[in-house]
Every structure is written in C-alpha cells, then in structure tokens.
*Asks:* 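First the structure, then my questions, so here it is.
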Amino acid sequence: MASTTYDKELNVALLAVQRASQLTKSVFHQNAKGTLNKSDASPVTIGDFGAQALIISALQHNFPDDEIVAEEEAKDLRENGQLRDLVWGLVQDTKLSDSAAEQTLGGAVKSADSMLDIIDKGDSKGGSKGRIWAIDPIDGTKGFLRGGQYAVCLGLMVDGDVKVGVLGCPNLPVSDSEPLKDGIGTDASDEEGKFGVLFSAVQGQGAHSRQLGAAGLQQAKSIKMSPLSNISDATFCESVEAGHSSQGDAANIAKKLGITKPSVRMDSQAKYGSIARGAGDLYLRLPVRKDYVEKIWDHAAGDLIVREAGGQVTDVEGKRLDFSHGRTLLENKGVIAAPKEVHARVIEAVKEVLGAKQ
Ligand SMILES: Nc1ncnc2c1ncn2[C@@H]1O[C@H](COP(=O)(O)O)[C@@H](O)[C@H]1OP(=O)(O)O
Ligand SMILES: [Mg+2]
Ligand SMILES: [Mg+2]
Ligand SMILES: [Mg+2]
C-alpha cells in the first residue's frame, strides 16, 4: 500500500531544495548570472535552470513514475552552448557535503545533454489525477537579482491536493522570532548560520522550519501563525513588484481594517513562509491585470505551509486555491492568506474595496 505519511517524499524534498539553494547561492555570489528575458518579459538566470535540473534529477531518482510541473524549459540552453556550459558547470559543482544525503538524491547528473532532458521533464500538463510535483527553481527571480528575498519551491500534489510543501529561503533569517523586515534591497545576506531557512509542511502534520545549511538537515521546529486578537494590529506582507499585486487596493483594505502599521514588502513565496512563522500576519496578492493567471508552482508549497501553521488561504473571492486545473490556477484570482480567525473579516474588506472598483 502507498505510504500516506509522506516521510520519504518530505526527506527527499528537503534535501533537494537544500542542494538547489546551494546552487542559487553560488550564482548569487558570481557577477555573471547569465540573465535572459523570457517571452513574458520576466527574467531567468543560470541559477533557475541549474536549480531546476538538480531538483528534477533528485525526484526522478527517487520517484521515477511521478509527473513534474516546473517553470523553466531547456530551449534557451539548447540554442546557446555557452549558456548551457555555464549551467552544466554549476550542476556538476553542486553537491551536499553529507555524502549519504547526496547519495539519497542519486548523486551527479551524467552529462550536459542528460541535464537538458532532465530540465524538460518538468513539462507535465498537471491536472487532477495522480502524483505531480510542482517546482519553482527560483521564485522571485527579480528579488534574487536585486539581492532581496527569493525562494526555491517544491510541492507534491496527489489528485490535485497539496500533500507536501518545501520552501528554501536563503536570505531570510534563520530565527523564527526575528522581526520582519523589507526584503527589497541590495543588502540581503545569506551568511550561513544567521540566514537561510527551510520551511516545510505535510498535510495533517503541521508546519516546520529549520536552518538551511550545506551540511544536511538540521532539527525541525514547529511553526504557527501569530495569534491576532485585534486585526488593526496586523502587518501586511506584500509583493515588491507593483505589477504583481495592487498596492493601492492593499492600502484601501488596510484602511478598512484599521491597520496603520506599514506593509512589509518582499519578493517570492518567502511571504508565505514569513507569515506562517508569525513574522507578519496577512499576505495579500491583489490582481493588477485581469488576464494574469497565477501558476501552480508559485503557490503550492506556500499554500500548504500557511494552512498547516493555522492559516486560511483563498483567492480574493474566498475560494480555496485549486491546483487541479493544470499548470495554472485557472479558477482563482489573487491570493488572501490570513490566520483562520480573521480570514472572513479580511475577505469582507477585500470584496468591499475590489467591488467598489467594478
Ligand atoms: N505579471 C505578474 N503578476 C503576478 N505575478 C507575476 C507576474 N509576473 C511574474 N510573476 C511571478 O510573481 C512571483 C514573484 O512575485 P512576488 O514577489 O510578487 O510574489 C514570481 O512567481 C514571478 O515569477 P518568477 O518565479 O519568475 O519570479
Ligand atoms: Mg520566472
Ligand atoms: Mg515564481
Ligand atoms: Mg521562478
């Protein structure tokens, strides 16, 4: 019978995200990040390709029959040998220092050509049946390039429901009790020991955090959202990019809720991890463009981590995020994540503000 505790899936996911984060950190410390612009004008770097290759390689070794939905494809690397060689160099050089852990992930990728094929294994259409992993190798690529927050994201869905979620956030403080601060800037540090956190959750088993370090997995601590007795004391956690979430709408919603504290802004699913450990209270992603559809890899891990930490995550209409419609969240608009007790009150304010614009 299939295991329902997901112990092996969690262990492999944690180690795979740990190893991929090691790769993204090494790219961050290089001057040349091999940045390209994709067709939607968003950036991709050698770090995105390399991290995706390492994660898929680990998943294929351990779960060869599972499907994978990943953000990137190898096309640009197939057309540009120099770029391919840069990524191949990174993938070859990145190993966990714990050799047993490295063995668990299946060790090295065989060749540059097999690396390209591995990257392209993330082309599943997704859907409502079976085991499907969702990968965002670097979420918040703009934040990554700026020296702000970013996350390496991995989630497992079974029949469209997220069962396991892991987020690696190299530039967030290790400590769960560190006050939340803006993650926009060029001053982020990923100094090991002080910065770097791995958030994780398994459905029905709570949410946890642990230090993200090269030397294998550290002990996990249970995390919870902050108890919020008075909503006017809340802190919003928002996108840095004005094109991703409407900051004007957020300000009006804050006003309705009596919130006066300034919002904290950071890129990526680091927002979900932060509120899950009580650093900040509410995450609002308010649609800017009517035609933008959210991608499953941008939300799968964060959605489960916040819910397992005592939160509720829905779209702006109060519907649960639905991961069963393929590579995108076709049936949802925006994201509202809040502690369970106040979620309905937040949705009410969101509806008033967005409704008034119609
Ligand atoms: N127009 C857009 N609207 C909303 N999200 C976007 C848009 N373009 C890119 N993204 C994605 O938004 C996320 C980061 O935004 P935020 O920091 O606001 O949460 C990333 O997943 C980014 O993808 P990527 O993985 O390529 O960085
Ligand atoms: Mg991208
Ligand atoms: Mg993303
Ligand atoms: Mg990405």
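As the structure is a computational prediction, the values presented were derived from the model and not from experiment. Order of appearance sets the numbers: ligands from 1, and atoms from 1 within every ligand.
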*Asks:* Going by atom types only, do T104 and N11 share a side-chain donor-acceptor pair under 3.5 Å?
*Replies:* no
*Asks:* For a distance under 2.8 Å, tell me if W297 has an N/O/S atom near the Mg ion (ligand 4).
*Replies:* no
*Asks:* Measuring from the Mg ion (ligand 4), name the closest N, O or S atom belonging to E71.
*Replies:* OE1
*Asks:* Hydrophobic cluster membership, with links at side-chain heavy-atom distances under 4.5 Å among I/L/V/M/F/W/Y: are I259 and V316 in one?
*Replies:* yes
*Asks:* Using modelled atom types and a 3.5 Å cut-off, is there a donor and acceptor pairing between side-chain atoms of R146 and backbone atoms of T141?
*Replies:* no
*Asks:* Relative to the Mg ion (ligand 3), which of the N, O or S atoms in D298 is the closest?
*Replies:* OD1
*Asks:* What angle, in degrees and rounded to 10°, do you get at the Mg ion (ligand 3) when you join it to OD1 of D139 and to OD2 of D136?
*Replies:* 100°
*Asks:* Can we say D117 and K121 salt-bridge, meaning some charged N sits less than 4.0 Å from an Asp/Glu carboxylate O?
*Replies:* no
